[in-house]
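All values below come from the heavy atoms of this structure, side chains included, with hydrogens, waters and symmetry mates left out.
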Amino acid sequence: MIETGIRFGDIHSFYDLDLVLSSVEIPPAIPRTSYIDIEGRDGALDISEALGEMRYQDRTGCKFTFAMNPQSDLSEAAWEAKKTEISNALNGIAFKITLDKDPEYYYSGRCSVDNYQSNKRLRQFVITARLHPYKFKQKKTVVTIPLTDDAQTVILRNGRKTVTPIITCTNDETGVIFDGTTYVFSAGTYEHQFTKITLKQGENPVKVWGGGSITFEYQEADL
């Protein structure tokens, strides 16, 4: 069994395309820094977080290098057929990209077939991609809390990217206190635009009370 590969959406590089992964290059996300030089001031004014948090550029220069399986047909005809297959499957298409060695996360971006390399002993493909700066957890975080009339404090743990959770309440008069603000919800589901509850990196304490249960659902992402 092949130890490592890459899944482009539902397409696995080895099991579906018969390619052997040679190398992976995914550079770090670059912060979008911004500075203003003001005359008479020591140093520049850093306004990089003027919008509330640090933002990042897309990850460019991402490169995945593959070789045809050496146990497969390496004839010129097979090489031409494989080039067509890879181009049809990957070139110019946006995917969720999952590395076998990091299966709990996926990257998101558009792929390009960058280069074909061929000699008598090696048939190689280079796939490049422009990826979103964050990598996302495969499974959304879902926290459900049974409620009573007595307030209880719940810790919602979040990754690097701030996120506003979807909130679902089973009963009316469900109370939530977050960051000093009190919310009272009726039964139903509340999408992002209905609250100002924003989870930051790390532990986020929330007080909840009422009847039935309350559920917080959110997509975690890390750098």
Side-chain angles (χ1 to χ4, degrees), residues 7-11 26 28-34 46-59 93-100 102-111 129-223:
R7 187 170 295 280
F8 299 92
D10 294 328
I11 303 170
I26 301 179
I30 299 175
R32 291 185 180 274
T33 56
S34 183
D46 185 352
I47 60 169
S48 302
E49 297 181 64
L51 296 178
E53 64 177 304
M54 179 60 69
R55 303 294 180 176
Y56 295 86
Q57 300 177 30
D58 282 345
R59 297 180 193 240
I93 302 176
F95 291 105
K96 287 183 177 180
I97 299 173
T98 303
L99 309 183
D100 285 0
D102 192 17
E104 292 186 2
Y105 290 90
Y106 69 87
Y107 295 89
S108 179
R110 192 170 299 278
C111 294
R130 179 175 182 139
L131 303 179
H132 190 280
Y134 285 95
K135 62 178 185 178
F136 300 90
K137 284 197 172 181
Q138 298 280 4
K139 296 181 179 179
K140 290 185 178 181
T141 300
V142 180
V143 180
T144 299
I145 306 105
L147 300 176
T148 67
D149 290 337
D150 296 325
Q152 57 181 306
T153 299
V154 177
I155 301 299
L156 300 178
R157 294 174 175 82
N158 185 43
R160 179 65 175 81
K161 182 176 175 59
T162 59
V163 63
T164 300
I166 297 172
I167 299 174
T168 300
C169 306
T170 60
N171 288 21
D172 292 337
E173 301 297 320
T174 297
V176 176
I177 298 177
F178 179 81
D179 199 22
T181 300
T182 300
Y183 304 88
V184 179
F185 296 103
S186 299
T189 297
Y190 298 85
E191 299 287 344
H192 310 131
Q193 64 267 28
F194 289 103
T195 76
K196 295 182 179 179
I197 296 176
T198 301
L199 306 180
K200 298 180 180 178
Q201 181 183 16
E203 297 185 346
N204 297 267
V206 182
K207 281 190 175 182
V208 293
W209 69 92
S213 65
I214 185 171
T215 298
F216 297 90
E217 180 181 338
Y218 51 98
Q219 175 73 66
E220 293 189 66
D222 291 299
L223 289 171

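Looking only at side-chain heavy atoms (C-beta outward), F216 and V208 come within less than 4.5 Å of each other. Between E173 and V184, the closest side-chain pair of non-hydrogen atoms falls below 4.5 Å. For the pair Y183 and K196, the minimum side-chain heavy-atom distance is below 4.5 Å.
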Candidate pair C111 and I97, rule side-chain contact (heavy atoms from CB on, under 4.5 Å), full reasoning
CA-CA 10 Å; C111 294; I97 299 173; 3.8 Å; yes

CA sep, side-chain torsions, deciding dist, call: N171, L147, side-chain contact (heavy atoms from CB on, under 4.5 Å):
CA-CA 10 Å; N171 288 21; L147 300 176; over 6 Å; no

D222 vs Y105, side-chain hydrogen bond (donor to acceptor under 3.5 Å, both in side chains): CA-CA, chis, key distance, verdict:
CA-CA 9 Å; D222 291 299; Y105 290 90; 2.6 Å; yes

Using the rule given for side-chain contact (heavy atoms from CB on, under 4.5 Å), can you reason through F95 versus R7, listing the C-alpha separation, both sets of side-chain angles and the distance that settles it, and then say yes or no?
CA-CA 9 Å; F95 291 105; R7 187 170 295 280; over 6 Å; no

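Closest non-hydrogen pair, R110 versus A94, comes out as NH1-N, 3.5 Å. Between T153 and K207, the closest heavy-atom pair is OG1-CG, 3.5 Å. Of all the heavy atoms in T198 and N204, the pair that sits closest is O-OD1, 4.4 Å. Here the shortest heavy-atom pairing between D100 and P103 reads O-CD, 3.4 Å. P133 and L223 make their closest contact through O-CD2, 3.8 Å (heavy atoms, listed as atom of the first residue, atom of the second, distance).
We find the CG-NZ distance between D10 and K96 to be 9.5 Å, quoted to the nearest 0.5 Å. E217 contributes atom CD, which lies 9.0 Å from atom OG1 of T189 (distance to the nearest 0.5 angstrom). Distance NZ/K135 to CD1/I26: 8.5 Å, rounded to 0.5 Å. Atom CG of L199 is separated from atom OG1 of T141 by 9.5 Å, given to the nearest 0.5 angstrom. The CZ atom of R59 sits 10.0 Å away from the NE2 atom of H132 when rounded to the nearest 0.5 Å. To the nearest 0.5 angstrom, Y218 atom OH is 4.5 Å from L156 atom CG.
Side-chain N or O atoms of Q219 include none that pairs as donor or acceptor with a backbone N or O of V163 at under 3.5 Å. S34 contributes no side-chain N or O that, together with a main-chain N or O of I47, makes up a donor-acceptor pair within less than 3.5 Å.
A search for side-chain hydrogen bond (donor to acceptor under 3.5 Å, both in side chains) contacts involving D58 returns R130, not counting sequence neighbours. For T215, the side-chain hydrogen bond (donor to acceptor under 3.5 Å, both in side chains) test picks out T144, with sequence neighbours left out. In this view, D179 satisfies the side-chain contact (heavy atoms from CB on, under 4.5 Å) rule with no residue, not counting sequence neighbours.
Ring pair Y134/Y56 is perpendicular by interplanar angle, where above 60° counts as perpendicular and below 30° as parallel.
More than 12 heavy atoms of other residues, nucleotides or ligands lie within 6.0 Å of CD in E53, so this atom counts as buried by the packing criterion. In the displayed structure, Q152 atom CD is contacted under 6.0 Å by more than 12 heavy atoms of other residues, nucleotides or ligands.
If you run salt bridge (Lys or Arg N to Asp or Glu O under 4.0 Å) between E220 and each of K137, R157, K161, R160, only K137 comes through. Here the options are T168, D172, I167, the test is side-chain contact (heavy atoms from CB on, under 4.5 Å), and the partner is F185; only I167 passes.
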